[in-house]
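Predicted model only: the values in this text are computed from it and were never measured.
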Amino acid sequence: MFVFTVFFDGFHLFSPRKEVKDIGNTMIGNLILKSLNAIKALLSKTVSIECDRIPYRFENVSIKKILNWIVVETSMLFRPNRPWGWPTHLQIEPSTLCNLKCAFCPVTTGLHRPTGFMDVDIFKKVIDETGDFVFLILLWDWGEPFLNPSVYDMIAYAKKRDIKIVSSTNGHVFSRGHNGEALVASGIDVIIFAMDGISQDTYERYRKGGDLEAVITGIKKVVAAKHALNSKTPLINLRFLAMKHNEHEISKLKDFARSLEVDALTVKTLNPYDQGECHSTKADGTEFMPLNPFYQRFEYDPKNHARIRHTRNPCKRLWNNPVIHWDGKVSPCTFDPHDNYAVGDLTKDTFKDIWRGVPFAKLRRQFRKDYRKIALCSGCTNAFKGGSLSTDIIAEAHFFNPAISRWRSSSR
């Protein structure tokens, strides 16, 4: 049986940060590698992918889903106005409401659009129309997903279609009640606990209004629920966003993570920019930027300290990863928090009509012609060296579950 890694945006080869395989340095080499992976997938019906350095394994994948992936990946060479296939993964927003006021987050300063919880019927409509093709759902966008009381029903519904689900939380909701048990029972594959400090003073510098002890309690309750229900899922990923004020704690993170019995620890780099605007009192973002270059997201020009821009933006989201906001609005990207670039409304149209419609086609055409004329794309992290969402943003990944470590090793 063959196991391979899918080259989706957000999915990448099992490798250290910024390490690039020689065969992938040329378009021809990359095409050959993708072709070999496609053949292996069709023969074995087995797909292994990685998102944010976390592995996902699919077995007995339908030929229909594999062929769609091949078509979508092939289309990336041409970037057509109208997509050749269906999305291979989705980002879905269960809620725009949040119980914290984190720095840099547009929810804190106020979204320029209606806010609320996604209705289950909207979620089901998306799954019913795309479920035969989607591999992975990122179940968050802006807001705390688990404030939506229907989120566990959403997860369970998507799992019926053999879709992997990963979500991110600040963890507070799991410190009370039976939410930990509900999370495990839903069948979710991976849950990210965002904890950007291992002391209250450090933690609340970014996660304003947050209580570190509540997050720790929430993690422990989910761990206990896994044991009580004898469940292998979810994989619990402790996520640490590296910044100047907390980078001194990184050396202590592995022992801290082990003490909580989580399955993985990932250290993520900070993006101090949003559509070209710098969230800092200093023009270059150094107020929050880590001093250690290893934990800095972007590569900088030594002459003027400016980020080094890509001539050709490598982003693939317009062809394989749309965003569904809580009210059914479809956006081309997660970096569109205010719906400035919404391309459709699922309460009025089918997903197919939106995905292949004129507004989306115009955006793809402009992106291919000159992405810098689209404000959404010009200032995006993907537009700069070191900022690729598919290969660069996770600086470190550590695994404490032996089964995961063995699986990743055998998949290299």
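- At a threshold of 4.0 Å, the pair Glu261-Lys220 does not count as salt-bridged, since none of the basic side-chain nitrogens sits closer than that to a carboxylate oxygen.
- In this structure, Lys159 pairs ionically with Asp189, as a charged nitrogen and a carboxylate oxygen lie closer than 4.0 Å.
- Evaluation of the side chain to side chain donor-acceptor pair (under 3.5 Å) rule for Asp119 yields no partner, not counting sequence neighbours.
- Looking at Glu247, Met195, Glu249 one by one, the single match for side-chain contact (heavy atoms from CB on, under 4.5 Å) with Phe240 turns out to be Glu249.
- Minimum interatomic distance between Leu139 and Ser167 (heavy atoms only, all atoms of both residues): O-OG, 2.6 Å.
- Applying salt bridge (charged side-chain N to carboxylate O under 4.0 Å, His left out) to Lys329 and the options Asp141, Asp339, Asp345 leaves one that passes, Asp345.
- Checked by atom type, the side-chain pair Asp211/His172 shows no donor-acceptor distance below 3.5 Å.
- With a 6.0 Å radius and a threshold of 12 heavy atoms from other residues, nucleotides or ligands, Lys125 has its NZ atom above the threshold.
- Counting only N and O atoms by type, the side chains of Asn81 and Arg368 include a donor and acceptor under 3.5 Å apart.
- Between Asn237 and Asp263 there is no side-chain heavy-atom pair separated by less than 4.5 Å.
- With contacts defined as side-chain heavy-atom distances shorter than 4.5 Å, the pair Leu90/Leu138 does not qualify.
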* With side-chain contact (heavy atoms from CB on, under 4.5 Å) as the test, would you mind laying out the steps for Thr88 and Val134 before giving the verdict? => CA-CA 4 Å; Thr88 48; Val134 172; over 6 Å; no
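- In this structure, Phe133 and Trp86 have parallel ring planes: the angle between them is below the 30° cut-off, well short of the 60° mark.
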* Criterion salt bridge (charged side-chain N to carboxylate O under 4.0 Å, His left out) on Arg239 and Asp52, from CA distance to verdict -> CA-CA 10 Å; Arg239 171 65 55 76; Asp52 280 357; 3.5 Å; yes
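- For Phe123, there are no ring-ring contact (aromatic ring centres under 6.0 Å, His included) partners two or more places apart in sequence or in a different chain.
- Applying the salt bridge (charged side-chain N to carboxylate O under 4.0 Å, His left out) rule to pairs touching residues 91-112 yields Glu93-Arg113, sequence neighbours excluded.
- Ring centroids of Phe135 and Tyr56 are separated by 6.0 Å or more, keeping the two rings apart.
- A salt bridge does not link Asp392 to Arg297: none of the charged side-chain nitrogens sits closer than 4.0 Å to a carboxylate oxygen.
- Ring centroid separation for the pair Phe78 and Trp84 comes in under the 6.0 Å cut-off.
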